[in-house]
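These notes are about the structure you will find just below.
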Amino acid sequence: MNSQELLKKLESKGVTLEGMLDTAMELYIGGEEKEAAREKLRELMLRYLTDINVQALLMAALLLEEGFRVEGDPVNLVADELIGINIAEYIGGKMALFNFFYYDTRKPGILAELPPFLDDAIGGFIAGCMTKVFETGS
């Protein structure tokens, strides 16, 4: 699968690259370099959307949304969190775990509108990429 195919599948569920960027930047704290950070984030997102492991985890979330029905987001459902955590940590290491929970609890932008598996998978993707934005040399 290439990144364009994955983006099309995500877009069919209401997730666009611009929507992910907007969501990520809603919780951005960094001052004047906001546009530079957004551009770096765009590059990172596009790079990680080509990673086979990120693709597999995002596809797992998409497939679970299609084939596994749950009402709302029950508190005893943790598989969705595990997917998000794994994506975040795969991209950004342990530091991304904190970003994941920050995005997961606040649910900015599109995260508030997505179903349980997809909101955590996309939240993890955003958290991992945002963590990389602030690393030197990434």
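Atom-to-atom distance recorded for Phe125:CZ and Leu118:CG is 12.0 Å, nearest 0.5 angstrom. Met130 CE to Glu135 CD: the interatomic distance, rounded to the nearest 0.5 Å, is 12.5 Å. The CG atom of Asp120 sits 12.5 Å away from the CG atom of Leu57 when rounded to the nearest 0.5 Å. Remark: Met45 CE to Met20 CE distance equals 5.5 Å, nearest 0.5 Å. Considering CD1 of Ile29 and OH of Tyr102, their distance stands at 4.5 Å, rounded to 0.5 Å. Here the CD1 atom belonging to Ile126 is positioned 11.0 Å from the CZ atom belonging to Phe100, to the nearest 0.5 angstrom.
Looking at Thr50 and Asn2, their side chains never come closer than 4.5 Å, going by heavy atoms from C-beta outward. The shortest side-chain heavy-atom distance between Arg47 and Leu44 falls under the 4.5 Å cut-off. Within the 4.5 Å cutoff, side-chain heavy atoms of Ile91 are placed close to those of Cys129. Contact annotation: the side chain of Asp119 never approaches that of Ile110 to less than 4.5 Å [non-hydrogen atoms, C-beta and beyond].
Side-chain heavy atoms closer than 4.5 Å link hydrophobic residues (I, L, V, M, F, W, Y) into clusters, and following such links, even through other members, never connects Tyr48 to Leu97. Residues Leu114 and Leu77 are members of one and the same hydrophobic cluster, defined by side-chain heavy-atom contacts under 4.5 angstrom among Ile, Leu, Val, Met, Phe, Trp and Tyr. A single hydrophobic cluster is not seen to contain both Val78 and Tyr90; linkage of ILVMFWY side chains at heavy-atom distances under 4.5 Å, directly or through other members, places them apart. A single hydrophobic cluster is not seen to contain both Phe101 and Phe98; linkage of ILVMFWY side chains at heavy-atom distances under 4.5 Å, directly or through other members, places them apart. Residues Leu82 and Ile122 do not share a hydrophobic cluster, defined by chaining ILVMFWY side chains whose heavy atoms lie under 4.5 Å apart.
Leu64 pairs by the side chain to side chain contact (heavy atoms under 4.5 Å, CB included) definition with Phe68, Ile83, Phe117, not counting sequence neighbours. Listed by chain and residue number, Thr23, Glu26, Leu27, Tyr103, Arg106, Leu111 satisfy the side chain to side chain contact (heavy atoms under 4.5 Å, CB included) test with Pro108 (two or more places apart in sequence, or in another chain). Residues satisfying the side chain to side chain contact (heavy atoms under 4.5 Å, CB included) criterion with Ala96, sequence neighbours excluded, are Ala88, Thr131. Residues passing the side-chain hydrogen bond (donor to acceptor under 3.5 Å, both in side chains) test with Asn86: none are found, sequence neighbours excluded.
For Met95, the CE atom is loosely surrounded, since the number of other residues' heavy atoms within 6.0 Å does not exceed 12.
Judged purely by atom type and a 3.5 angstrom limit, Lys132 has no side-chain atom pairing as donor or acceptor with the backbone of Gly92.
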Step-by-step salt bridge (Lys or Arg N to Asp or Glu O under 4.0 Å) determination, Glu5 to Lys8: CA-CA 5 Å; Glu5 289 173 312; Lys8 282 193 188 307; over 6 Å; no
Please list every donor-acceptor pair under 3.5 Å in which a side-chain atom of residues 11-18 meets a protein atom from a residue at least two apart or in another chain.
residue: Ser12; atom: OG; partner: Lys9; partner atom: O; Å: 2.6
residue: Thr16; atom: OG1; partner: Gly19; partner atom: N; Å: 2.8
residue: Glu18; atom: OE1; partner: Arg38; partner atom: NH2; Å: 2.9
residue: Glu18; atom: OE2; partner: Arg42; partner atom: NH1; Å: 2.6
residue: Glu18; atom: OE2; partner: Arg42; partner atom: NH2; Å: 2.8

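Leu6 and Gln55 make their closest contact through CD2-CG, 3.8 Å (heavy atoms, listed as atom of the first residue, atom of the second, distance). The nearest pair of heavy atoms linking Ala121 to Ile87 is O-CD1, 3.6 Å.
For residues 74-84, no residue pair satisfies the salt bridge (charged side-chain N to carboxylate O under 4.0 Å, His left out) rule, not counting sequence neighbours.
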